[in-house]
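What follows is a single structure, written as C-alpha coordinates, with notes after it.
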Amino acid sequence: MPELPEVEVTKQSLEQHLQGQCIKSINIREKRLRWDLDQTTLNSLLGQRIHNLSRRGKYILINTEAGSALLHLGMSGSIGILENDRPLKKHDHFDLIMSSNQIIRFNDPRRFGSFIWAGKNPEAHKLLNKLGPEPLENNDLGTHLYRLSKGRKTSVKAFIMNAQIVVGVGNIYASEALFISGIHPKRKANRISKKRYERLATAIQETLTKSIEMGGTTLRDFSYSQGEEKIGYFKQELFTYGRTGAECKCCRSLVRQMVLSGRSSFYCANCQH
DNA sequence: AAACGACCCTGAAAGC
DNA sequence: TGCTTTCAGGGTCGTT
(Lines give C-alpha, C1' and ligand atoms only; values in the text may rest on other atoms or scores of the structure.)
Protein backbone atom coordinates (compact mmCIF):
# COMPACT_ATOMS: atom_id res chain seq x y z
CA MET A 1 0.00 0.00 0.00
CA PRO A 2 1.30 3.43 -0.71
CA GLU A 3 2.59 4.93 2.49
CA LEU A 4 4.29 8.30 2.71
CA PRO A 5 7.54 7.11 1.09
CA GLU A 6 5.71 5.69 -1.93
CA VAL A 7 3.60 8.83 -2.24
CA GLU A 8 6.76 10.96 -2.12
CA VAL A 9 8.45 8.89 -4.83
CA THR A 10 5.31 9.06 -7.00
CA LYS A 11 5.08 12.82 -6.51
CA GLN A 12 8.71 13.36 -7.50
CA SER A 13 8.34 11.20 -10.57
CA LEU A 14 5.12 12.94 -11.64
CA GLU A 15 6.54 16.39 -11.09
CA GLN A 16 9.54 15.63 -13.24
CA HIS A 17 7.23 14.75 -16.13
CA LEU A 18 4.42 17.27 -15.64
CA GLN A 19 5.98 20.54 -14.59
CA GLY A 20 5.23 23.26 -17.13
CA GLN A 21 2.89 21.14 -19.21
CA CYS A 22 -0.77 21.77 -19.93
CA ILE A 23 -3.66 19.38 -19.41
CA LYS A 24 -5.32 18.84 -22.80
CA SER A 25 -8.10 16.53 -21.70
CA ILE A 26 -9.31 14.20 -18.99
CA ASN A 27 -10.80 10.81 -19.83
CA ILE A 28 -12.91 9.22 -17.13
CA ARG A 29 -13.84 5.56 -17.42
CA GLU A 30 -14.83 4.86 -13.81
CA LYS A 31 -15.91 7.76 -11.67
CA ARG A 32 -16.70 5.76 -8.53
CA LEU A 33 -13.58 6.30 -6.43
CA ARG A 34 -13.49 7.23 -2.72
CA TRP A 35 -15.54 10.18 -3.91
CA ASP A 36 -17.10 10.30 -7.33
CA LEU A 37 -14.93 11.96 -9.96
CA ASP A 38 -16.67 15.19 -10.76
CA GLN A 39 -16.16 16.12 -14.41
CA THR A 40 -17.63 19.56 -13.80
CA THR A 41 -15.08 20.58 -11.20
CA LEU A 42 -12.24 18.76 -12.94
CA ASN A 43 -13.02 20.97 -15.94
CA SER A 44 -11.27 23.66 -13.92
CA LEU A 45 -8.08 21.77 -14.68
CA LEU A 46 -8.57 21.63 -18.44
CA GLY A 47 -6.11 23.76 -20.38
CA GLN A 48 -4.25 24.68 -17.21
CA ARG A 49 -0.47 24.70 -17.07
CA ILE A 50 0.96 22.73 -14.17
CA HIS A 51 3.03 25.06 -12.05
CA ASN A 52 4.40 22.39 -9.75
CA LEU A 53 3.43 19.49 -7.49
CA SER A 54 3.54 19.35 -3.74
CA ARG A 55 2.64 16.83 -1.06
CA ARG A 56 0.68 17.10 2.16
CA GLY A 57 0.61 13.85 4.11
CA LYS A 58 -0.43 11.27 1.54
CA TYR A 59 -2.14 13.80 -0.71
CA ILE A 60 -0.38 14.93 -3.89
CA LEU A 61 -1.29 18.49 -4.90
CA ILE A 62 -1.28 19.37 -8.58
CA ASN A 63 -0.90 23.13 -8.57
CA THR A 64 -2.04 25.37 -11.44
CA GLU A 65 -2.86 29.03 -11.92
CA ALA A 66 -6.57 28.27 -11.52
CA GLY A 67 -6.07 26.28 -8.32
CA SER A 68 -5.05 22.82 -7.13
CA ALA A 69 -6.29 19.29 -7.52
CA LEU A 70 -5.77 16.67 -4.80
CA LEU A 71 -4.68 13.18 -5.77
CA HIS A 72 -4.73 10.36 -3.22
CA LEU A 73 -3.61 6.79 -3.99
CA GLY A 74 -5.73 5.19 -1.30
CA MET A 75 -4.55 1.67 -0.57
CA SER A 76 -4.03 0.28 -4.02
CA GLY A 77 -3.69 3.27 -6.33
CA SER A 78 -0.82 3.79 -8.75
CA ILE A 79 0.09 6.20 -11.52
CA GLY A 80 1.43 5.27 -14.91
CA ILE A 81 3.23 7.85 -17.05
CA LEU A 82 2.85 6.65 -20.63
CA GLU A 83 4.73 8.04 -23.63
CA ASN A 84 2.24 6.37 -25.97
CA ASP A 85 -1.24 4.98 -25.52
CA ARG A 86 -1.44 1.40 -24.37
CA PRO A 87 -4.22 -1.17 -24.08
CA LEU A 88 -6.23 -0.56 -20.94
CA LYS A 89 -5.68 -2.75 -17.95
CA LYS A 90 -8.31 -3.65 -15.43
CA HIS A 91 -8.99 -0.75 -13.03
CA ASP A 92 -7.45 1.97 -15.24
CA HIS A 93 -10.02 4.53 -14.06
CA PHE A 94 -8.96 7.80 -15.67
CA ASP A 95 -6.30 9.52 -17.79
CA LEU A 96 -4.90 13.02 -17.93
CA ILE A 97 -3.74 13.81 -21.47
CA MET A 98 -0.88 16.30 -21.43
CA SER A 99 0.26 18.83 -24.03
CA SER A 100 3.31 16.63 -24.65
CA ASN A 101 0.87 13.79 -25.48
CA GLN A 102 2.05 11.89 -22.44
CA ILE A 103 -0.76 10.08 -20.66
CA ILE A 104 -1.05 10.06 -16.89
CA ARG A 105 -3.04 6.93 -16.13
CA PHE A 106 -4.57 6.18 -12.72
CA ASN A 107 -5.11 2.56 -11.73
CA ASP A 108 -6.75 1.58 -8.45
CA PRO A 109 -8.31 -1.86 -7.88
CA ARG A 110 -9.90 -1.04 -4.55
CA ARG A 111 -11.02 2.46 -5.49
CA PHE A 112 -10.06 3.97 -2.12
CA GLY A 113 -8.10 6.63 -3.99
CA SER A 114 -9.44 10.04 -4.94
CA PHE A 115 -8.97 12.92 -7.35
CA ILE A 116 -10.77 16.10 -6.46
CA TRP A 117 -10.61 19.80 -7.13
CA ALA A 118 -9.58 21.90 -4.11
CA GLY A 119 -9.61 25.42 -5.54
CA LYS A 120 -7.18 28.28 -5.08
CA ASN A 121 -6.42 27.80 -1.42
CA PRO A 122 -6.00 24.04 -1.02
CA GLU A 123 -4.54 24.26 2.49
CA ALA A 124 -7.95 25.55 3.56
CA HIS A 125 -9.74 22.56 2.03
CA LYS A 126 -11.45 20.46 4.65
CA LEU A 127 -9.33 17.41 3.81
CA LEU A 128 -6.13 19.35 4.49
CA ASN A 129 -6.92 22.07 7.00
CA LYS A 130 -6.89 19.86 10.08
CA LEU A 131 -3.79 17.84 9.28
CA GLY A 132 -0.89 17.68 11.70
CA PRO A 133 2.71 18.54 10.78
CA GLU A 134 4.88 16.77 8.22
CA PRO A 135 7.11 14.38 10.19
CA LEU A 136 10.16 15.02 8.03
CA GLU A 137 9.84 18.80 8.12
CA ASN A 138 9.30 19.25 11.83
CA ASN A 139 12.38 19.97 13.90
CA ASP A 140 10.71 19.38 17.21
CA LEU A 141 8.36 16.49 16.55
CA GLY A 142 9.01 14.88 19.95
CA THR A 143 7.87 17.99 21.81
CA HIS A 144 4.88 18.30 19.52
CA LEU A 145 3.80 14.70 20.20
CA TYR A 146 4.36 15.06 23.93
CA ARG A 147 2.35 18.28 24.08
CA LEU A 148 -0.64 16.81 22.19
CA SER A 149 -0.57 13.58 24.20
CA LYS A 150 -1.87 15.36 27.31
CA GLY A 151 -5.23 13.90 28.25
CA ARG A 152 -5.17 11.36 25.41
CA LYS A 153 -6.19 7.98 26.72
CA THR A 154 -6.01 6.22 23.39
CA SER A 155 -3.14 3.85 22.59
CA VAL A 156 0.10 5.45 21.44
CA LYS A 157 -0.18 3.52 18.17
CA ALA A 158 -3.60 4.97 17.35
CA PHE A 159 -2.29 8.35 18.48
CA ILE A 160 0.63 8.49 16.03
CA MET A 161 -1.52 7.09 13.21
CA ASN A 162 -3.97 9.97 13.67
CA ALA A 163 -3.32 12.38 10.79
CA GLN A 164 -4.49 15.28 12.92
CA ILE A 165 -1.55 14.62 15.24
CA VAL A 166 1.11 13.92 12.60
CA VAL A 167 0.66 12.95 8.95
CA GLY A 168 2.14 10.09 7.01
CA VAL A 169 2.54 7.46 9.74
CA GLY A 170 0.68 4.43 8.41
CA ASN A 171 0.26 1.00 9.93
CA ILE A 172 3.63 -0.35 8.85
CA TYR A 173 5.71 2.58 10.05
CA ALA A 174 3.77 2.93 13.29
CA SER A 175 4.65 -0.64 14.29
CA GLU A 176 8.26 -0.17 13.19
CA ALA A 177 8.82 3.16 14.93
CA LEU A 178 7.32 1.85 18.18
CA PHE A 179 9.61 -1.16 18.05
CA ILE A 180 12.70 0.94 17.38
CA SER A 181 11.89 3.25 20.27
CA GLY A 182 10.99 0.37 22.60
CA ILE A 183 7.43 1.49 23.28
CA HIS A 184 4.57 -1.00 23.60
CA PRO A 185 1.86 -0.15 21.02
CA LYS A 186 -0.90 -0.50 23.59
CA ARG A 187 0.57 2.00 26.04
CA LYS A 188 -1.70 4.97 26.64
CA ALA A 189 -0.55 8.10 24.82
CA ASN A 190 -0.66 10.18 28.01
CA ARG A 191 1.52 7.67 29.87
CA ILE A 192 4.74 8.32 27.95
CA SER A 193 7.53 10.67 29.02
CA LYS A 194 8.85 13.52 26.91
CA LYS A 195 12.15 11.73 26.55
CA ARG A 196 10.44 8.66 25.12
CA TYR A 197 8.40 10.80 22.71
CA GLU A 198 11.65 12.31 21.49
CA ARG A 199 12.98 8.82 20.82
CA LEU A 200 9.74 7.89 19.09
CA ALA A 201 9.87 11.01 16.90
CA THR A 202 13.43 10.19 15.87
CA ALA A 203 12.40 6.62 15.09
CA ILE A 204 9.48 7.82 12.91
CA GLN A 205 11.80 10.12 10.97
CA GLU A 206 14.52 7.49 10.61
CA THR A 207 12.22 4.76 9.40
CA LEU A 208 10.44 7.02 6.88
CA THR A 209 13.71 8.43 5.56
CA LYS A 210 15.29 5.03 5.21
CA SER A 211 12.23 3.69 3.40
CA ILE A 212 12.23 6.61 0.95
CA GLU A 213 15.89 5.95 0.22
CA MET A 214 15.15 2.28 -0.44
CA GLY A 215 12.16 2.95 -2.68
CA GLY A 216 9.46 2.11 -0.19
CA THR A 217 7.95 -1.11 1.03
CA THR A 218 6.24 -3.42 -1.43
CA LEU A 219 3.47 -5.65 -0.18
CA ARG A 220 0.98 -7.72 -2.12
CA ASP A 221 -0.47 -5.87 -5.08
CA PHE A 222 1.29 -2.58 -4.64
CA SER A 223 3.12 -1.14 -7.62
CA TYR A 224 3.87 2.41 -8.57
CA SER A 225 5.71 4.75 -10.88
CA GLN A 226 5.74 4.47 -14.62
CA GLY A 227 3.57 1.44 -15.06
CA GLU A 228 6.47 -0.77 -14.13
CA GLU A 229 6.54 -2.92 -11.05
CA LYS A 230 9.27 -1.45 -8.92
CA ILE A 231 10.25 -3.48 -5.92
CA GLY A 232 10.70 -1.62 -2.68
CA TYR A 233 13.51 -3.10 -0.70
CA PHE A 234 12.45 -1.72 2.63
CA LYS A 235 10.46 -4.86 3.37
CA GLN A 236 13.68 -6.69 4.15
CA GLU A 237 14.42 -4.13 6.83
CA LEU A 238 11.17 -4.57 8.76
CA PHE A 239 11.60 -5.54 12.41
CA THR A 240 8.05 -6.47 13.31
CA TYR A 241 5.51 -5.78 10.54
CA GLY A 242 4.13 -9.03 9.14
CA ARG A 243 6.58 -11.11 11.20
CA THR A 244 4.14 -12.75 13.64
CA GLY A 245 5.71 -15.84 15.19
CA ALA A 246 9.17 -15.06 13.81
CA GLU A 247 12.12 -14.28 16.08
CA CYS A 248 12.60 -10.69 17.17
CA LYS A 249 15.72 -9.39 15.44
CA CYS A 250 17.02 -8.03 18.75
CA CYS A 251 16.21 -10.58 21.46
CA ARG A 252 15.00 -13.68 19.57
CA SER A 253 11.73 -13.95 21.44
CA LEU A 254 8.73 -14.28 19.14
CA VAL A 255 7.03 -11.32 17.46
CA ARG A 256 3.38 -11.04 18.50
CA GLN A 257 0.35 -9.72 16.71
CA MET A 258 -2.79 -8.07 18.07
CA VAL A 259 -5.55 -5.82 16.81
CA LEU A 260 -5.59 -2.21 18.00
CA SER A 261 -8.35 0.13 16.79
CA GLY A 262 -9.13 -2.31 14.04
CA ARG A 263 -5.56 -2.53 12.74
CA SER A 264 -3.08 -5.37 13.01
CA SER A 265 -0.22 -4.43 15.26
CA PHE A 266 3.10 -6.23 15.52
CA TYR A 267 5.42 -5.99 18.50
CA CYS A 268 7.97 -7.71 20.71
CA ALA A 269 6.69 -8.07 24.29
CA ASN A 270 10.27 -8.35 25.53
CA CYS A 271 11.69 -5.26 23.80
CA GLN A 272 8.68 -2.96 24.07
CA HIS A 273 7.16 -1.63 27.29
C1' DA B 1 -13.55 16.99 22.49
C1' DA B 2 -12.16 12.39 22.13
C1' DA B 3 -12.81 7.63 20.95
C1' DC B 4 -14.72 4.14 18.51
C1' DG B 5 -16.90 1.42 14.86
C1' DA B 6 -18.74 1.23 10.21
C1' DC B 7 -17.80 1.75 5.73
C1' DC B 8 -15.78 2.03 1.04
C1' DC B 9 -13.62 -2.20 -2.26
C1' DT B 10 -11.00 -6.04 -4.57
C1' DG B 11 -7.86 -9.68 -4.66
C1' DA B 12 -4.84 -12.78 -2.19
C1' DA B 13 -4.75 -16.30 0.96
C1' DA B 14 -6.76 -19.50 3.87
C1' DG B 15 -10.29 -22.84 4.71
C1' DC B 16 -13.24 -26.49 3.33
C1' DT C 1 -9.09 -29.21 -7.57
C1' DG C 2 -12.27 -25.64 -7.10
C1' DC C 3 -15.38 -23.08 -4.59
C1' DT C 4 -16.35 -20.10 -0.44
C1' DT C 5 -14.93 -17.33 3.31
C1' DT C 6 -11.82 -14.36 5.58
C1' DC C 7 -8.68 -10.80 5.84
C1' DA C 8 -6.11 -6.63 4.72
C1' DG C 9 -5.98 -1.71 4.88
C1' DG C 10 -6.13 4.56 4.79
C1' DG C 11 -8.98 7.65 5.80
C1' DT C 12 -13.56 9.76 6.50
C1' DC C 13 -17.79 10.00 8.69
C1' DG C 14 -21.38 9.32 11.99
C1' DT C 15 -22.44 8.03 16.68
C1' DT C 16 -21.60 7.63 21.46
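Just the heavy atoms: all of them, side chains too, but no hydrogens, waters or symmetry mates, feed the values below. Computed from a predicted structure; not experimentally measured. A note on names: the letters A, B, ... follow the listed sequences, proteins ahead of strands, and every chain is numbered from 1.
- In terms of the side-chain contact (heavy atoms from CB on, under 4.5 Å) criterion, residue partners of A:R243 (sequence neighbours excluded) are, by chain and number, A:A246, A:K249, A:V255.
- When each of A:K126 and A:F266 is assigned the nucleotide of DNA chain C with its nearest heavy atom, A:F266 is the one assigned upstream, toward the 5' end.
- Side-chain atoms of A:S76 and A:D108 include a donor-acceptor pair closer than 3.5 Å.
- Applying the ring-ring contact (aromatic ring centres under 6.0 Å, His included) criterion to A:Y197, with sequence neighbours excluded, gives no partner residue.
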Query raised in the report: How does protein contact run along nucleotides 2-7 of chain B, one letter per nucleotide 5' to 3', with B for base contact, S for sugar-phosphate only, - for none, heavy atoms under 4.0 Å?
Result: SSS---

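- Remark: A:L37 CG to A:R32 CZ distance equals 11.5 Å, nearest 0.5 Å.
- The distance from atom CZ of A:R110 to atom C1' of B:dT10 is 6 Å, rounded to the nearest whole Å.
- Among C:dG11, C:dA8, B:dC9, the nucleotide with an atom closest to any side-chain atom of A:H72 is C:dG11.
- Distance A:N129 CG to C:dG11 C1': 15 Å, rounded to the nearest Å.
- Judged as a ring-ring contact (aromatic ring centres under 6.0 Å, His included), and not counting sequence neighbours, A:H144 has no contacts.
- Picking from C:dT12, B:dT10, B:dG11 the nucleotide with the shortest atom distance to the side chain of A:K90 gives B:dG11.
- Taking side-chain N and O atoms only, A:R111 has a distance below 4.0 Å to OP1 or OP2 of B:dC9.
- Contact between A:R34 and A:S114 at its shortest, heavy atoms only, is CB-CB, 4.1 Å.
- C:dG10 atom P lies 17 Å from atom CD1 of A:I60, rounded to whole Å.
- Within the nucleic acid shown, A:Y59 comes within 4.0 Å of sugar-phosphate atoms alone, with no base atom in reach, counting heavy atoms only.
- For the OP1/OP2 pair of C:dA8 and a distance below 4.0 Å, the side-chain nitrogens and oxygens of A:Q257 include at least one atom meeting the criterion.
- The stretch residues 136-152 of chain A participates, sequence neighbours left out, in no salt bridge (Lys or Arg N to Asp or Glu O under 4.0 Å) pair at all.
- Regarding A:L73, its CG atom lies at a distance of 17 Å from the C1' atom of B:dC8, rounded to whole Å.
- Taking both residues in full, the closest heavy atoms of A:F266 and A:T240 are given as CB-O, 3.3 Å, listed atom of the first, atom of the second, then distance.
- When only modelled atom types and interatomic distance are considered, A:E134 and A:N138 share no side-chain donor-acceptor pair under 3.5 Å.
- Taking atom CG of A:D108 as the reference point, atom P of B:dT10 lies 10 Å away to the nearest angstrom.
- Atom pair A:M75:CE and C:dC7:C1' shows a separation of 11 Å (rounding to whole Å applied).
- Here the P atom of nucleotide B:dC8 and the CG atom of A:L37 are 18 Å apart, to the nearest Å.
- A:F112 does not qualify as a stacking partner of the C:dG11 base, lacking a centre-to-centre distance under 5.5 Å together with planes within 30°.
- Between B:dC9 and A:H91, no contact under 4.0 Å exists linking OP1 or OP2 to a side-chain N or O.
- Relative orientation of the A:Y59 and A:H72 rings is perpendicular, given thresholds of 30° and 60° on the angle between their planes.
- Over its length, the helix from B:dA2-C:dT16 to B:dC16-C:dG2 turns its helix axis by 50°, as judged from the five terminal pairs at each end, rounded to 10°.
- For A:W35, the side-chain atoms get nearest to C:dT12 when compared with the rest of C:dT12, B:dG11, B:dC8.
- Put simply, CD on A:E30 is 10 Å from P on B:dC9, counting in whole angstrom units.
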